[in-house]
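Below is one structure; the comments refer to it alone.
For the numbers below, each heavy atom of this structure counts, side chains included, while hydrogens, waters and symmetry mates do not. Throughout, a chain's letter reflects where its sequence line sits, starting with A, and its residues are numbered from 1.
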Amino acid sequence: MDLEKLLTDRLAPAFATVAGEPVDPVVRRSQRADFQSDAALALARQVGRPPRAVATEVLRHAELADLCSVVELSGPGFLNLTVADDALAGMVSALATSARLGVPVAAAPETVVVDYSAPNVAKEMHVGHLRSTVIGDAAARLLEWLGHRVLRANHLGDWGTPFGMLIEHLVDPGEPGAAQELSMGDLDSFYKAARAKFDVDEAFRERSRRRVVALQGGDEATLRLWRLLVEQSERYFLTVYDLLDVTLTERDFHGESSYNDLLGPVVEELDRLGLLRESAGAACVFPPGFVGRDGASLPLIVRKSDGGYGYPATDLAAIRHRTGTLGATRLLYVVGLPQRQHFEMVYAAAGQAGWLGPPARAEHVGFGSILGSDGRMLRSRAGGSVKLVGLLEEAIARATALARERNPELGEVEAAEVGRAVGIGAVKYADLSSDRNRDYVLDWERMLSLDGNTAPYLQYAYSRIRSIFRRAGVAAQPDAGISLAEPAERALAFELVGFAGVVGAVAVNLEFHHLAGYLYRLAATFSTFYERCPVLRADGPVRESRLVLCDLTARVLQQGLYLLGIRTPERM
RNA sequence: GCGCCCGUAGCUCAGCGGAUAGAGCAGGGGACUUCUAAUCCCAAGGCCGCAGGUUCGAAUCCUGCCGGGCGCACCA
C-alpha cells in the first residue's frame, strides 16, 4: 500500500545484485517524475565505476514493469520513476476497501506509557500545560490506533511541602470562602490566597509546617483534607480535558503520591547496588557524564538532607514500576525541553540500576515554549501565567463569531459546535504543525486564519467533501473502478497512497508536524482537484471514480485529524 | 565554564546528503449565473547567521565563531 516502500523493495534486489551487498535505493518523491532513486551515485564511488553505468545496470536487473510506465536514467545517475496509472489506480482501489486506510496494525505491539499533561493540584492549568497535553494526547491516540497497549500517565503534582499551606488555608476558620473557591474550580484564587498568607503570617507558616509533617506521617484527618483537594482538582482538570478534546480520564491520574510507598525500596535498592553516595547530607546517584557549573559530577538527589525524597526518587520509582510491574517497553515523557538534562540523568541512573534496559527505552519527547507576540514567553498582562481555560474560551469565541459570519445558514447550536471544533482545533493544530523542538509564537490571527496550514483549512476541506455526498444523496462505491486521467487526479492519488508511510514514520519519531504537513498537502491537493475536476457533474465511471477519491480524502483527513486530536465538523 | 534547543523569502514555517531550496501569510495581478470563493490560478520575492572542512555533490554531516532562548545540588 505504501508506494515508496513498494518501489524500494523492487529496487533493492537490483542494487544488491550490482553492489554485491544490500543497498538502500533511496527512493523519494521527485519533481521530474513521480519518484526518483538516488542510490546509484553513492554506489558508483564504492564500486569504482561511473554512476551512469551503475544506474544502467541496476535498471537492467530491476523488475518494475508492472509498477512503472517509464523508468529512465537522468542526469549524473538518477533513476526517474513514473508510476503506471493502472498500478496507482489499483492501489487507490485497495485503499478504498481498507478500513484502516492502508495503515497496518503494529507487527510487534508494545506496552507504551505516555507521561503527559501533569498539572498541579490546587493550581490552575496554564499555557505551560498546553503543549504537553496536546502532544502527549496525539502520541497516545496514534500509538493506540496502531495497536499498541497505551497507558496514559497523568503525573499529577499532588504531593510536597505546598500542601501544608493549602490544607491550612482550606480549614482556616477565617476563610469560609476557601472551600467554596475550590469547589467552583477557582484554583488560582485559592492557591494565591494560601500563598499570600504563607508569605506574611508567621503563625500560618508554622501551622503549615506542622501540617506537612502530619500529611507525611499519614494523619488520617489531614489525609482526608488532602484527598478533598486532590479530588476537587481532578474534577476540574477533567472539565478542561473535556473542553480540549483530550482523551485523559480519571483512570489516568497517577499522582506523585502514588509512588510514595515505592520510594523507600527504590533508595534501598540503589544503596544495595552500590549506586548511592552521600553528598552534603543528601543521598545521591552520580550517573556518569554529567557535570555541573563547577566542573564536578552532577548528582541526582534521591533523598534530601532533611530526609525527604526529591523528585528524582519519584521519577526513578515510576520507571521501575512502569518497566517492572506494568511491563512497558517504551516510556514517553512529554515534558518541556528545559528538563532534558534532568530526564537524561534519570534514564542513565535507571539504566545503571537495571530498571531500564533493552528492549525497554525511555524517550524525552521535548518541546519548546509558547511565546507571545513580543517573542518572549507568553505572559498575562499582569505578568503572570496565562490561564489555559481563558485561552481556549477565547479561541472558541473567535471561531464561533467567524462561523456565524461565514455561514449564516448555521443555526445557533451548530454554530456553537463548529466554533468549538474550529477554535480548539486551531489551538491544537498551531501546536502540532511546527517542529515541537522549536518555540512558537501564539498568534490568534494566524492560527484562526482560514487560509494556509491551519486547522480550519483542513476542516473546511473535510466538510466540503461531506457536503458533496449530502447534496447528492449518494455514497461512494468502494469497488468502483478508478480512473486517473487528469493530472489533478493523479496528484491526489499519490497523496492518498502516502498516508501509511507518514503515519509509520511519525509513530517512531513523534514529529507530528510531519503528519500535519501531510494532511495540509492532501487538503491542498484535493482543493486543486476539486477546482478542476467536476465530481457530481461528471458522468458514469468518471463520476464513480471521483466519488471514491473524494470519500477517501475525507476519510484520511478525518482519521489524520483524529490522531492529532482535532474534530471534523460535517458542515462549516 | 559545561550542556541542550534554535538562526532558511518582509512575517510564520517546511526541507536535514542529491538535480533549479519549498509552502502559507502580507503585498501585486486574475477567476464566483458556485458540485460551499472559509476556495483556486498567475507573477514577484533567498550571500539557507558567518568562516573553514569532508564529499562527485552540503541548507542538510564535522569543526570553530556570531546572534537568540534555556538548563546546570536538595522546587517539580
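For the P atoms, the distance from B:G24 to B:C6 is 25 Å, rounded to whole Å. Between B:C70 and B:C16, the two P atoms lie 29 Å apart (nearest whole Å). For the C1' atoms, the distance linking B:G27 with B:G49 amounts to 26 Å, nearest Å. Look at the C1' atom in both B:C61 and B:G17: the space between them is 7 Å, to the nearest Å.
Within 3.5 Å, no donor on the side chain of A:Asp451 pairs with an acceptor on the base of B:A26, nor the reverse. Remark: the A:Ser463 side chain and the B:U36 base include a donor-acceptor N/O pair separated by less than 3.5 Å.
Applying the 4.0 Å criterion to OP1 and OP2 of B:U20, one finds that A:Arg32 has every side-chain N and O outside that range. Put simply, A:Thr528 has no side-chain N or O that comes within less than 4.0 Å of OP1 or OP2 on B:C40. A:Arg340 has no side-chain polar atom (N or O) that falls below the 4.0 Å cut-off from OP1 or OP2 of B:G3. Distances shorter than 4.0 Å separate none of the side-chain N or O atoms of A:Tyr440 from OP1 or OP2 on B:G69. Listed pair A:Arg532 / B:C40 fails the phosphate criterion, with no side-chain N or O lying under 4.0 Å from OP1 or OP2. Between A:His514 and B:G15 there is a side-chain polar atom (N or O) within less than 4.0 angstrom of OP1 or OP2. One finds a side-chain N or O of A:His513 lying less than 4.0 angstrom from the OP1 or OP2 phosphate oxygen of B:G15. Between A:Arg293 and B:G3, a side-chain N or O to OP1/OP2 separation shorter than 4.0 Å is absent.
Ring orientation note: the planes of A:Phe253 and A:Phe237 are tilted relative to one another, at an angle of 30° to 60°. In this structure, A:Phe494 and A:Phe35 have perpendicular ring planes: the angle between them is above 60°, well past the 30° mark.
Nucleic acid contact class of A:Pro299 (heavy atoms, under 4.0 Å, all strands): base. Counting any heavy atom pair closer than 4.0 Å across all strands shown, A:Asp306 reaches no nucleic acid atom. Residue contacts for A:Cys533: at a heavy-atom cut-off of 4.0 Å it reaches a base atom on one of the strands shown. Residue A:Ser74 is classed as a base contact, given a heavy-atom separation below 4.0 Å to a base. Using a 4.0 Å heavy-atom criterion, one finds that A:Gly292 contacts the bases of the nucleic acid, with or without backbone contacts as well. At the heavy-atom level, A:Gln459 lies nowhere under 4.0 Å from the strands shown. Among the atoms of the strands shown, none is found under 4.0 Å from any heavy atom of A:Ala118. In this structure, A:Val535 reaches the bases: a heavy-atom distance under 4.0 Å links it to at least one base atom across the strands shown. At a threshold of 4.0 angstrom between heavy atoms, the contacts of A:Asp158 with the nucleic acid are absent. Within 4.0 Å of A:Ser527, counting heavy atoms only, lie sugar-phosphate atoms of the nucleic acid but no base atom.
Both thresholds, 5.5 Å between centres and 30° between ring planes, are not jointly met by A:Tyr520 relative to the base of B:A23, so the two rings are not stacked.
Applying side-chain contact (heavy atoms from CB on, under 4.5 Å) to A:Tyr116 and the options A:Val335, A:Ile135, A:Leu248 leaves one that passes, A:Leu248.
Between the P atom of B:C4 and the CG atom of A:Asp439 lies a distance of 17 Å, rounded to the nearest Å. Rounding to whole angstrom units, CG of residue A:Asn407 and P of B:U36 are separated by 11 Å. Residue A:Gln36 contributes atom CD, which lies 13 Å from atom C1' of B:G17 at whole-angstrom precision. Protein atom CZ of A:Arg470 is 9 Å distant from nucleotide atom C1' of B:U36, rounded to whole Å.
Taken to the nearest 0.5 Å, the CG atom of A:Asp315 stands 5.5 Å off from the NE2 atom of A:His155.
Ring centers of A:Tyr311 and A:His342: under 6.0 Å apart, within the cut-off.
Salt-bridge check for A:Arg205 with A:Asp199: failed, with every basic side-chain N at 4.0 Å or more from each acidic carboxylate O.
Each of A:Ser449 and A:Arg28 lies near RNA chain B, and the nucleotide nearest A:Arg28 is the one positioned closer to the 5' end.
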